[in-house]
Amino acid sequence: MTVETGPAGGGGGRWMAVGTSVAADSFDAGRAATLAALTGAEPKLLLVFAGIGHDPRRLVDGIRDAAPGVPMIGCSTHGEIDAGGPRDGSVVVTALGGGFSVSTTAVAEISGRQREAGAEAARCVAAVDELPHRVLVLLTDGLARDQESVIRGAYGLLGAGVPLFGGAAGDGWRMSGTFQLHGDDVHSNGVVAACIASAAPIAIGIDHGWRPAGEPMVVTQSGDGRVQELDDAPALDTYLDRLGAPADVYQDETALRHYVLSRPLGVQRRSGIEVRNLSTAVDVDGRTIGGGGDLSLGALTFAMEGDEESVVTASARACRSAIEQLDGRTPVGLLTLSCAACRAVLGDAGVVKEGERIAEQAGDIPFAGFYTYGEIARTRGINGFHNQTMVVLAFG
């Protein structure tokens with residue numbers, strides 16, 4: 001684990017700015033996007049979201065050329081989000097500066113020890129100034145199983161007092177490898193984190209556009225990130241039966257993957273129903289379903305349905321919720337993370353509409369984000385891993 005700490009947070013005005021580059025050369029793109037984001041004094045943190053096609057080493061070199069010594073975390077994406085709309089292959093750099101206090105860290109080789117890695121990442125919280133509002137931003141390897149264990153590890157160290165936010169790095173559905181960035185270093189199976197502390201409120205909005213279809217199902221056997229049985233029957237069949245799925249979906253892998261993409265699994269939590277994507281690892285032979293993380297015995301689940309309008313409306317609600325929680329303060333900026341699976345459901349026209357809805361809520365407020373392989377937003381309780389959900393972090 002390595003740690004970077006930015007200059008102490010002072011009483012100066014907080015600011016956030018976003019720079020974007022579509023340059024093909026990774027050094028040039030990193031440098032240009034960083035320079036565009038550095039609009040204020042005392043930059044404290046750079047958050048970098050980059051298309052998977054970029055060379056991460058050259059990308060880091062370009063960023064460092066433009067902003068030597070500024071703490072930085074980042075990751076590869078399934079598409080980047082900013083005020084110019086969704087796109088692929090770009091580099092989006094968000095700079096936070098002024099009165100924030102920031103500490104960053106990286107944890108390498110997390111597979112098989114996700115919970116321990118989450119706890120290690122959370123230790124950077126101890127290095128920020130004693131300011132009243134804090135959040136831990138986590139960017140994880142999206143190909144590592146059991147993402148929820150990372151969150152549980154962080155929660156186990158921090159407790160309920162520090163909210164968690166972030167996302168799982170993507171690789172454009174290649175499913176061959178993501179990258180995470182921290183300072184001068186590049187990781188491929190890691191967690192990078194930044195604790196951000198502020199004198200002003202920090203708020204998180206969470207929403208999805210999916211609704212239950214039929215009666216709930218109880219997890220009766222699960223493990224290793226899979227659900228083997230629902231209601232004491234093969235999980236896949238129980239789930240498809242609940243939806244009234246057509247016959248070909250039960251046995252054809254391609255048809256099944258397409259069908260479940262717009263019909264995620266809902267998991268009942270105290271705060272509402274969280275959503276899990278089922279499309280990335282379908283199991284026709286074993287009749288199991290994935291859930292993005294282990295679902296414990298006895299968990300109450302639902303087959304979920306939605307459409308383009310319900311999804312983009314939920315994205316707008318998440319933005320509005322985060323802004324409204326600031327009690328009348330105008331945010332200095334928003335981080336807006338959506339799901340790669342939602343992007344596949346929405347299609348090109350739908351993600352443009354989603355971007356427009358986000359921009360309508362933001363107005364003149366700068367915002368940036370990316371399409372993830374899973375969203376992190378924990379504001380209450382131990383759970384906080386989501387799929388096919390919009391999560392928004394607002395800085396007062």
Side-chain angles (χ1 to χ4, degrees), residues 49 52 73-81 107 110-111 114-115 117-118 121 136-155 163-180 187-193 204-210 224-227 260-261 264-267 269 273-282 289-295 301 304 311 314-315 318 335-346 369-379 382-393:
F49 308 132
I52 187 62
I73 66 169
C75 68
S76 58
T77 78
H78 187 70
E80 303 80 57
I81 300 171
V107 184
I110 68 169
S111 290
Q114 286 91 326
R115 188 162 190 150
L136 180 65
V137 177
L138 298 163
L139 302 176
T140 69
D141 175 16
L143 300 185
R145 280 195 172 189
D146 197 13
Q147 298 279 332
E148 281 195 343
S149 286
V150 176
I151 299 168
R152 288 171 180 156
Y155 179 87
L164 309 177
F165 182 86
D171 70 344
W173 287 148
R174 299 178 187 185
M175 310 307 287
S176 59
T178 71
F179 61 77
Q180 302 82 49
H187 300 273
S188 60
N189 178 222
V191 176
V192 296
I204 295 175
I206 310 165
D207 213 323
H208 62 75
W210 309 99
D224 194 28
R226 309 291 299 179
V227 177
V260 302
L261 186 62
L265 187 72
V267 184
R269 305 295 191 195
I273 298 177
E274 293 180 358
V275 176
R276 296 288 183 273
N277 176 39
L278 303 182
S279 65
T280 55
V282 298
I289 59 177
D294 279 332
L295 297 179
T301 68
M304 307 288 279
V311 171
S315 296
L335 296 181
T336 56
L337 307 188
S338 187
C339 187
C342 272
R343 182 178 180 182
V345 170
L346 293 174
F370 70 101
Y371 288 95
T372 79
Y373 281 180
E375 301 78 62
I376 296 169
R378 192 216 64 79
T379 57
I382 194 171
N383 300 297
F385 184 73
H386 310 260
N387 289 129
Q388 295 185 244
T389 299
M390 172 65 76
V391 297
V392 179
L393 179 62

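Below, each value reflects all heavy atoms present in this structure, side chains not excepted, and no hydrogens, waters or symmetry copies.
Under the 3.5 Å distance criterion, the side-chain polar atoms of Gln114 are left unmatched by any main-chain donor or acceptor of Glu148. Thr389 places a side-chain N or O within 3.5 Å of a backbone atom of Asn387 that can act as its donor or acceptor partner. Side chain of Gln180 to main chain of Gly190: a donor-acceptor pair is present (N/O by atom type, distance under 3.5 Å, no hydrogens or angles). In this structure a side-chain-to-backbone donor-acceptor pair under 3.5 Å is missing from Arg152 to Gly118.
Ile52 approaches Gly170 most closely through the heavy-atom pair CD1-O, 4.2 Å. Closest of all the heavy-atom pairs between Ile110 and Ala144 is CD1-CB, 4.0 Å.
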Notebook entry, point to check: Do Tyr373 and Asp171 pass the side chain to side chain donor-acceptor pair (under 3.5 Å) test, and can you show the C-alpha distance, the side-chain angles, and the key distance before you say yes or no?
Noted result: CA-CA 9 Å; Tyr373 281 180; Asp171 70 344; 2.5 Å; yes
Next item on the list: Apply the test side chain to side chain contact (heavy atoms under 4.5 Å, CB included) to residues Gln388 and His208: give CA-CA distance (whole Å), side-chain angles for both, the deciding distance (0.1 Å), then the verdict.
Entry: CA-CA 7 Å; Gln388 295 185 244; His208 62 75; over 6 Å; no
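Checked against Ile376 for a side-chain contact (heavy atoms from CB on, under 4.5 Å), the options Leu337, Ile151, Val150 give a single hit: Ile151.
Ring geometry for Trp173 against His78 counts as tilted: the plane angle lies between 30° and 60°, on a 0 to 90° scale.
Remark: Glu80 pairs with no residue by the salt bridge (Lys or Arg N to Asp or Glu O under 4.0 Å) rule, at least two apart or across chains.
No hydrogens or angles considered: a donor-acceptor pair under 3.5 Å links the side chains of Asp141 and Thr178.
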